[in-house]
Amino acid sequence: MLIAWIFFGIVKPATLTHFIAFVMALIMALSVSFLLGYLVSLVAFWFMNHFALSWTLSGFITIFSGTFLPIWFFPDSWVAVANMLPFQYMGYIPAAIYLGHFSVSELWLVLAGGAGWIIGLLILVQWLWTKAVRRLVVQGG
């Protein structure tokens with residue numbers, strides 16, 4: 001970050017409200033990232049190898065998080081798909097908030113959507129965890 005700041009400079013956040021929302025979005029990004037990785041790991045409990053699951057998740061994150069190509073460059077049909085998935089909360093949303101792409105009134109709706117994804121993923125991983133624990137058999141002593 002220091003090298004990027006020295007050679008390219010750093011754009012300041014649009015407003016103080018945007019910066020606070022950006023910090024909240026970063027926390028959400030970490031939460032969504034952890035929960036998606038945890039979900040893949042729990043699904044992998046039923047398989048011998050989780051390489052394909054992890055690789056697929058990485059591909060979806062690369063495409064739909066907006067880190068490889070910002071979502072505003074996508075065609076409308078891809079934007080609709082990206083808006084239905086949680087991946088944009090891992091890259092595009094925090095960056096767009098920082099740059100002031102959302103108005104102050106839209107910020108809270110966007111953050112509420114991220115909170116909804118976190119709650120939904122928490123419920124899903126908790127359900128899978130209870131299924132995995134019931135299936136687990138430990139032998140030996």
Under the 3.5 angstrom rule, does the side chain of [X] hit a backbone N or O of [Y] as a donor-acceptor pair?
X      : Y      : value
Glu106 : Ser103 : yes
Thr130 : Trp127 : yes
Thr62  : Ser58  : yes

Looking at every non-hydrogen atom in both residues, tell me the closest pair between [X] and [Y] and how far apart they are.
X      : Y      : result
Pro94  : Ala29  : CG-CB, 4.3 Å
Phe74  : Ile63  : CZ-O, 3.1 Å
Trp129 : Leu42  : CE3-CD2, 3.7 Å
Gly91  : Thr67  : CA-CG2, 3.8 Å
Trp46  : Leu128 : CH2-O, 3.8 Å

What is the distance from atom [atom1] of [X] to atom [atom2] of [Y], rounded to the nearest 0.5 Å?
X      : Y      : atom1 : atom2 : value
Leu85  : Phe64  : CG    : CZ    : 6.0 Å
Leu107 : Phe22  : CG    : CZ    : 12.5 Å
Met24  : Leu111 : CE    : CG    : 5.0 Å
Met90  : Ser33  : CE    : OG    : 4.0 Å
Leu121 : Tyr38  : CG    : OH    : 12.5 Å
Leu57  : Ser41  : CG    : OG    : 9.5 Å

Group every Ile, Leu, Val, Met, Phe, Trp and Tyr by side-chain heavy-atom contacts under 4.5 Å, then state whether [X] and [Y] land in the same group.
X      : Y      : result
Ile119 : Leu124 : no
Ile97  : Leu16  : yes
Ile123 : Val133 : no
Leu99  : Phe68  : yes

Determine whether [X] and [Y] make a side-chain contact, defined as any pair of heavy atoms from C-beta on separated by less than 4.5 Å.
X      : Y      : result
Leu36  : Phe87  : yes
Ile93  : Phe102 : yes
Val110 : Tyr89  : yes

Residues in side chain to side chain donor-acceptor pair (under 3.5 Å) contact with Tyr92, at least two apart in sequence or another chain: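 Per chain and number, Tyr92 pairs via side chain to side chain donor-acceptor pair (under 3.5 Å) with His101.
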Residue pairs, two or more places apart or on separate chains, that pass side chain to side chain donor-acceptor pair (under 3.5 Å) and touch residues 17-26: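 Passing the test, one end in residues 17-26: Thr15-His18.
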Can you confirm whether more than 12 heavy atoms, excluding those of Trp78, are under 6.0 Å from its CH2 atom?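 Count not over threshold, so no.
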Flag yes if more than 12 heavy atoms outside Trp55 fall under 6.0 Å of its CH2 atom; otherwise flag no.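 Not buried by this count: 12 neighbours or fewer within 6.0 Å.
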When the ring planes of Phe19 and Tyr98 are compared, do they come out parallel, tilted or perpendicular, using 30° and 60° as the limits?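 The arrangement is perpendicular - the two ring planes meet at more than 60°.
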Can you list everything that forms a ring pair (Phe, Tyr, Trp, His ring centres under 6.0 Å) with Phe45? Sequence neighbours excluded, please.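 Expected list: none.
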Would you please test Leu26 and Leu30 for side-chain contact (heavy atoms from CB on, under 4.5 Å) and show each step? CA-CA 6 Å; Leu26 281 181; Leu30 290 171; 5.7 Å; no
